[in-house]
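Heads up: numbering here begins at 1 and tracks the sequence.
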Amino acid sequence: MLGFVSLKTAETDPLLALCLIMGMATSIAGMFLRWLSYIRKEDHADRPSRQPSKST
């Protein structure tokens, strides 16, 4: 969201605009991957552990 504020200024330089847009895209992708890792961690914590039964 902060990138949209700078976008109007970056429109004058195409390279700067490209770098800004790429930075915004990688930031969103990073947040998505962090969310996925959180979901996977929570899913893994909810599953019962598969430890072999001890027979004596």
Side-chain angles (χ1 to χ4, degrees):
M1 295 179 106
L2 293 174
F4 289 114
V5 176
S6 303
L7 196 56
K8 184 165 180 123
T9 306
E11 286 178 346
T12 59
D13 185 9
L15 182 60
L16 184 61
L18 177 66
C19 289
L20 181 63
I21 291 170
M22 292 299 292
M24 290 166 51
T26 55
S27 176
I28 292 169
M31 288 185 272
F32 177 71
L33 290 173
R34 185 172 177 148
W35 175 75
L36 273 180
S37 71
Y38 171 77
I39 295 298
R40 288 186 62 167
K41 182 180 176 184
E42 289 296 312
D43 185 44
H44 183 68
D46 290 342
R47 292 184 186 173
S49 62
R50 293 186 177 196
Q51 295 179 355
S53 61
K54 296 180 181 178
S55 25
T56 51

- Item | Verdict with supporting geometry, L16 and T9, side-chain contact (heavy atoms from CB on, under 4.5 Å) | CA-CA 9 Å; L16 184 61; T9 306; 5.7 Å; no

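Shown are K41, R40, E42; of these, the side chain to side chain contact (heavy atoms under 4.5 Å, CB included) with Y38 is made only by E42.
M24 contributes atom CE, which lies 9.0 Å from atom OG of S6 (distance to the nearest 0.5 angstrom).
Under a 3.5 Å cut-off, the side chain of S27 and the backbone N or O of G23 do not form any donor-acceptor pair.
Pairing each heavy atom of A10 with each of A17, the nearest pair is O-CB, 3.4 Å.
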For residues 28-37, run the donor-acceptor check on the side chains, cut-off 3.5 Å, and write out each pair with its distance to 0.1 Å, sequence neighbours left out.
{"unit_1": "S37", "atom_1": "OG", "unit_2": "R34", "atom_2": "O", "d": "2.8"}

